[in-house]
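Sequence positions, counted from 1, serve as the residue numbers for this chain. A quick note: this is a predicted structure, and the numbers were derived from the prediction, not measured.
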Amino acid sequence: MRALIVCLVGIVWFCAPPSFSQGAGGQKNGHFRPESQSGRVISGLNQAGVHNSLSDISRDGKTLFITYSAPDFSSTTLVSSQLIGGKWSPPLPVLFSDQKSDLSASLNPAQDRMFFTSQRPIPGKKNSDPWNLWVAQRKVNGWNAPNPVDEPVNSGQLECCVSAKAAGKLYFSSNRDGSWDIYCAELKGDSVGKVVKLAGDLNKYLTENFQTF
């Protein structure tokens with residue numbers, strides 16, 4: 001299961017990738033990319049002894065969100081780093097992260113909501129489905145306390161690897177039908193609409209190649 005989560009993060013990213021374009025100073029048509037600082041981003045933000053993975057980049061290219069995972073994935077933490085004065089700040093846990101079970105964050109196009117995967121328990125429910133999707137809303141000075149995404153996104157089975165890059169859509173992976181597939185949910189503000197399984201060869205590939213995890 002843990003290995004599957006790592007694999008599917010990239011697959012869901014492919015389904016709804018962020019639109020960052022290169023231009024003078026990293027900007028083109030209102031989109032940005034983080035400055036590479038000639039490799040110093042890698043040396044400054046990678047943490048020794050853990051798995052380091054990029055979760056998301058803010059639209060202005062000045063904030064990176066990173067997942068740090070223990071070697072055995074017994075704990076996962078969402079951290080962020082700010083581009084200040086041309087240098088990336090030391091990564092610090094995102095304020096709402098419990099520093100044990102959060103990973104795979106994705107900002108929506110408006111940048112006012114962050115969706116992520118977490119093992120934190122859902123209030124009032126038994127933790128029989130440990131991986132669920134959560135969402136935090138941006139406030140003036142940070143993020144509010146996150147809430148579990150409404151059903152039918154969280155289904156009582158495992159949900160992970162969320163991408164909110166497409167306006168009004170939420171892509172994620174779930175094993176609710178007995179195999180790992182990618183789904184798309186309609187978003188209308190804070191409400192979740194219809195959830196459909198993506199058709200085509202990608203889900204067929206997942207079913208044929210990832211059932212041993």
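Side-chain contact between Met114 and Gln137: absent, with no pair of heavy atoms (C-beta onward) separated by less than 4.5 Å. Inter-residue side-chain proximity for Val149 and Val192 is flagged as met; some heavy-atom pair is nearer than 4.5 Å. In this structure, the side chains of Pro109 and Lys165 stay at 4.5 Å or more apart for every pair of heavy atoms. A 4.5 Å side-chain heavy-atom check between Leu170 and Val162 finds at least one atom pair inside the cut-off. Contact annotation: the side chain of Ser58 approaches that of Gln111 to within less than 4.5 Å [non-hydrogen atoms, C-beta and beyond]. With contacts defined as side-chain heavy-atom distances shorter than 4.5 Å, the pair Ile66/Leu78 does not qualify. Side chains of Val94 and Val79 form no contact here, defined as non-hydrogen atoms less than 4.5 Å apart. Between Asn132 and Pro148 the shortest side-chain heavy-atom distance does not fall below 4.5 Å.
With hydrogens and angles left out, the side-chain atoms of Thr67 and Ser55 include a donor and acceptor closer than 3.5 Å. Using a 3.5 Å distance cut-off with no hydrogens or angles, the side chains of Ser155 and Glu151 do not pair a donor with an acceptor. For the residue pair Ser179 / Asp181, a side-chain donor-acceptor distance below 3.5 Å is found, with atom types taken as modelled.
In this structure Lys194 satisfies the side-chain contact (heavy atoms from CB on, under 4.5 Å) test together with Glu186, Val196, sequence neighbours excluded. Listed by chain and number, the residues in a salt bridge (charged side-chain N to carboxylate O under 4.0 Å, His left out) with Asp177 are Lys197 (sequence neighbours excluded). In terms of the side chain to side chain donor-acceptor pair (under 3.5 Å) criterion, residue partners of Thr63 (sequence neighbours excluded) are, by chain and number, Gln82. Residues meeting the side-chain contact (heavy atoms from CB on, under 4.5 Å) test with Ala48, sequence neighbours left out: none. Residues meeting the side-chain contact (heavy atoms from CB on, under 4.5 Å) test with Pro146, sequence neighbours left out: Phe96, Phe116, Arg120, Trp134, Ala136.
For the pair Lys169 and Leu187, the tightest heavy-atom approach, listed with the atom from each and the gap, is O-CD1, 3.9 Å. Of all heavy-atom pairs between Ala164 and Phe115, the closest is CB-CD1, 3.6 Å. Minimum interatomic distance between Pro152 and Arg176 (heavy atoms only, all atoms of both residues): O-NH1, 2.7 Å.
Note that CG of Leu133 is 5.0 Å distant from CG of Asn154, once rounded to the nearest 0.5 Å. For the atom pair CD of Glu159 and OG of Ser174, the computed distance is 3.5 Å after rounding to the nearest 0.5 Å. Here CG of Asn108 is found 9.0 Å from CZ of Arg138. Values are rounded to the nearest 0.5 Å. Taken from OG in Ser53 to CG in Leu103, the straight-line distance is 7.5 Å, to the nearest 0.5 Å. Atom CD of Gln119 sits about 11.0 Å away from atom SG of Cys160, to the nearest 0.5 Å.
The aromatic rings of Phe172 and Tyr183 lie parallel to each other, their planes meeting at an angle below 30°, with 60° marking the opposite boundary.
The list of salt bridge (charged side-chain N to carboxylate O under 4.0 Å, His left out) pairs with a residue in residues 108-118, not counting sequence neighbours, reads Arg113-Asp190.
For the pair Asn175 (side chain) and Trp180 (backbone), a donor-acceptor distance under 3.5 Å is absent. Under the 3.5 Å distance criterion, the side-chain polar atoms of Ser81 are left unmatched by any main-chain donor or acceptor of Leu64. Side chain of Asn52 to main chain of Gln47: a donor-acceptor pair is present (N/O by atom type, distance under 3.5 Å, no hydrogens or angles).
Just one of Pro91, Ser97, Ser69 meets the side chain to side chain contact (heavy atoms under 4.5 Å, CB included) condition when paired with Thr77; it is Ser97.
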